[in-house]
Amino acid sequence: MVQAKTWVLKQHFEGFPKHTDFELKLEQLSEPRDGEVLLEAVFLSVDPYMRPFSRVRMQAGDVMIGTQVAKVIQSNSPSFPVGCHVVGRCGWRTHTVSNGSDITKILDDWPQDVSLSHALGAIGMPGLTALYGLEEVCAIKSGETLLVNAAAGAVGSVAGQIAKLKGCKVVGSAGSDDKVAYLKELGFDQAFNYKTVPSLEEALKNASPEGYDCYFENVGGPFSSVAIPQMKTFGRIAVCGGISLYNDTTPQTGPYPHLQMIFKQLKMEGFLVGRWEHKNVESLKRMLTWVQEGKLKCKEHVTVGFENMPAAFMGMLRGENIGKAIVKV
Ligand code: NDP
């Protein structure tokens with residue numbers, strides 16, 4: 001019998017998460033039955049969505065939600081033989097018994113020299129989010145100018161690089177000078193540290209005096225209030241995330257964007273990556289090809305040890321990561 005380690009949400013977060021909100025628990029797993037497999041986590045993802053979704057999708061005492069790359073170590077399912085790797089919505093657990101409904105096999109032709117951890121990043125959910133936000137929501141075209149914030153993170157760094165591949169001008173904002181240097185390394189045309197610029201408005205104007213056609217929104221709140229007036233007429237805003245709001249105990253209020261949206265005839269659309277799930281296999285293959293061709297760089301911020309899951313999660317929310325925040329068991 002296998003014993004799984006799990007991280008449980010002890011109590012709902014109030015404001016910024018604290019170590020005491022989490023509890024490490026042991027769970028005895030039963031033997032996998034017909035059609036079931038036993039999984040062992042190899043890499044786990046910590047993502048911003050866990051913060052807002054914990055409130056709406058979890059109760060105190062539940063295992064933290066999340067995705068992992070896991071190895072099949074025991075199998076009673078011909079679809080998932082022993083030794084194969086899957087991406088699973090298993091939550092924060094070292095071992096899981098799955099009936100196959102919440103796991104997907106890693107792409108068949110995954111190359112040996114590409115770490116499987118990227119299946120949680122650029123060649124996974126965050127990469128798909130970047131791709132769909134640009135192609136499906138913004139319908140971005142060559143020659144246009146894109147603004148992306150949280151630009152050195154998992155989604156933002158991929159969004160900026162894809163826009164460059166499509167022949168766009170890309171402006172990125174991020175929260176440290178190291179992150180800004182990384183964005184320049186990735187080929188962003190302009191990048192600035194939103195924490196140290198004297199005026200966000202001036203920084204946005206200097207980076208693109210003619211304004212922005214598309215805005216890939218990861219942050220929300222006051223950043224967005226300053227950015228929206230910099231849009232060009234008929235600009236498109238893909239509302240992917242609002243991380244500056246996730247830890248609020250009292251909701252923030254305006255300035256409200258309505259007049260800007262009317263006068264400039266802007267389109268602003270929220271989206272969830274799952275809307276285009278039917279395109280995932282084809283899209284992941286595209287992303288993998290870009291990675292192999294060296295056109296898409298995917299840095300990771302790796303924390304070692306399952307026991308460090310809460311620290312990795314809180315570190316990511318604080319902005320400690322450049323690229324995708326990953327935990328290696
Ligand atoms: P990141 O890798 O970008 O990590 C989060 C980053 O957010 C931090 O590194 C930090 O960077 C930045 N940040 C944290 N707090 C603030 C703040 N108060 N103001 C501005 N920036 C802040 O995470 P992801 O790439 O995984 O996610 C980016 C966004 O995309 C999130 O909002 C997330 O919820 C959203 N998302 C949406 C999906 C969808 O389907 N709609 C799917 C996946 C993600 P910095 O140092 O630059 O501040």
Side-chain angles (χ1 to χ4, degrees), residues 15-17 44-56 65-67 89 117-118 120-122 124-134 136-138 147-162 171-183 186 188 191-197 200 203 215-227 237-248 252 268-277 279-280 283 298-303 312-327:
F16 198 91
L44 295 103
S45 185
V46 284
D47 299 89
Y49 74 80
M50 293 164 177
R51 173 65 183 86
F53 279 23
S54 68
R55 181 58 70 178
V56 289
I65 48 175
T67 308
R89 290 191 297 270
S117 54
H118 293 305
L120 301 173
M125 183 280 282
L128 293 170
T129 306
L131 187 73
Y132 297 147
L134 291 178
E136 306 290 338
V137 184
C138 287
L147 169 64
V148 53
N149 50 19
V155 175
S157 61
V158 176
Q161 291 182 82
I162 295 176
V171 176
S173 109
S176 76
D177 293 347
D178 285 349
K179 290 186 180 188
V180 170
Y182 177 60
L183 297 182
L186 292 180
F188 280 52
F192 62 85
N193 180 344
Y194 71 94
K195 290 183 179 163
T196 55
V197 287
L200 181 56
Y215 171 19
F216 197 107
E217 167 73 289
N218 285 320
V219 168
F223 191 106
S224 141
S225 303
V226 181
I237 304 171
V239 185
C240 172
I243 195 163
S244 71
L245 311 170
Y246 294 169
N247 291 308
D248 286 350
Q252 297 176 36
M268 186 172 187
E269 182 178 343
F271 72 97
L272 289 170
V273 58
R275 199 195 305 178
W276 300 280
E277 201 170 356
K279 295 190 172 188
N280 282 3
S283 303
C298 34
K299 212 180 181 104
E300 293 178 318
H301 179 91
V302 181
T303 303
F313 175 58
M314 292 185 282
M316 177 276 303
L317 289 178
R318 268 194 298 269
E320 285 169 9
N321 59 307
I322 298 187
K324 178 72 188 95
I326 293 285
V327 175

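Indexing begins at 1, ligand by ligand and atom by atom, following the structure's order. Remember, it's a predicted structure, so these values are computed and weren't measured experimentally.
For the pair Met125 and ligand 1, a heavy-atom separation below 4.0 Å is found. The closest approach between any non-hydrogen atom of Ser176 and ligand 1 is not below 4.0 Å. Residue contact check for ligand 1: Tyr246 places a non-hydrogen atom closer than 4.0 Å to it. Distances shorter than 4.0 angstrom do not occur between any heavy atom of Ala152 and any atom of ligand 1.
In the vicinity of Met316, heavy-atom distances shorter than 4.0 Å reach the ligand 1 atoms 4 (O), 5 (C), 8 (C), 9 (O). Those atoms of ligand 1 that come under 4.0 Å of a heavy atom in Ala174, given as number and element, are 47 (O). For ligand 1 and Ser244, the ligand atoms under 4.0 Å from any heavy atom of the residue are 17 (C), 18 (N), 19 (N). Atoms of ligand 1 lying under 4.0 Å from any heavy atom of Gly242, numbered from 1 in the order shown and given with element: 32 (O). For ligand 1, the atoms sitting less than 4.0 Å from at least one non-hydrogen atom of Val219 are 19 (N), 20 (C), 21 (N), numbered in the order shown with element in parentheses.
Atom CD of Glu269 sits in a crowded spot, with more than 12 heavy atoms from other residues, nucleotides or ligands closer than 6.0 Å. For CZ of Arg89, the number of neighbouring non-hydrogen atoms (other residues, nucleotides, ligands) closer than 6.0 Å is 12 at most.
Side-chain contact between Cys298 and Gln161 is absent, with no heavy-atom pair separated by less than 4.5 Å.
The main-chain N or O of Val302 is never found under 3.5 Å from a side-chain atom of Lys324 such that the two would form a donor-acceptor pair. In this structure, Asn149 contributes its side chain and Glu217 its backbone to no donor-acceptor pair below 3.5 Å. When atom types are taken as modelled, the side chain of Lys299 and the backbone of Ser157 share no donor-acceptor pair closer than 3.5 angstrom. In terms of modelled atom types and a separation under 3.5 Å, the side chain of Thr129 and the main chain of Val273 share no donor-acceptor contact.
In terms of protein heavy-atom proximity, atom 47 (O) of ligand 1 is closest to Gly175 N, 2.8 Å. For atom 41 (N) of ligand 1, the closest non-hydrogen atom of the protein is Phe271 O, 2.8 Å. Closest to atom 27 (O) of ligand 1, if we only count protein heavy atoms, is Pro48 CG, 3.5 Å. Looking from atom 9 (O) of ligand 1 to the surrounding protein, the closest heavy atom is Asn321 OD1, 2.8 Å. For atom 44 (C) of ligand 1, the closest non-hydrogen atom of the protein is Val155 CG2, 3.9 Å. Among protein heavy atoms, atom 42 (C) of ligand 1 sits closest to Thr129 OG1, 3.3 Å. Remark: minimum distance from atom 22 (C) of ligand 1 to any protein heavy atom is reached at Ile243 CG2, 3.5 Å. In terms of protein heavy-atom proximity, atom 46 (O) of ligand 1 is nearest to Lys179 NZ, 2.6 Å.
No part of Glu320 comes within 4.0 Å of ligand 1, judged by heavy-atom distances. Of all the heavy atoms of Pro126, none lies under 4.0 Å from any atom of ligand 1, so neither backbone nor side chain is involved. With a 4.0 Å cut-off on non-hydrogen atoms, Leu317 touches ligand 1 through its backbone and not its side chain.
The pair Glu136-Lys279 counts as a salt bridge, with a side-chain nitrogen and a carboxylate oxygen less than 4.0 angstrom apart.
Distances between N or O atoms of Gly241 and those of ligand 1 include no value under 3.5 Å. Geometrically, ligand 1 and Lys195 share no nitrogen or oxygen pair separated by less than 3.5 Å.
The minimum heavy-atom distance between Gly66 and Met50, with the atom names listed, is CA-CE, 3.6 Å. Heavy-atom minimum distance, Gly156 versus Phe188: O-CZ, 4.1 Å. For the pair Val155 and Ala130, the tightest heavy-atom approach, listed with the atom from each and the gap, is O-CB, 3.6 Å. Across all non-hydrogen atoms, the minimal contact from Pro17 to Arg51 is CG-CD, 3.9 Å.
Note on ring orientation: taking the six-membered ring where Trp is involved, the planes of Phe192 and Phe223 are parallel (angle under 30°, cut-offs 30° and 60°). Between Trp276 and Tyr132, the angle of the ring planes lies from 30° to 60°, which puts this pair in the tilted group.
Across the listed options Ile322, Val273, Asn218, Asn218 owns the non-hydrogen atom lying nearest to atom 32 (O) of ligand 1. For the residues Tyr194, Phe53, Phe216, the heavy atom positioned nearest atom 21 (N) of ligand 1 is part of Tyr194.
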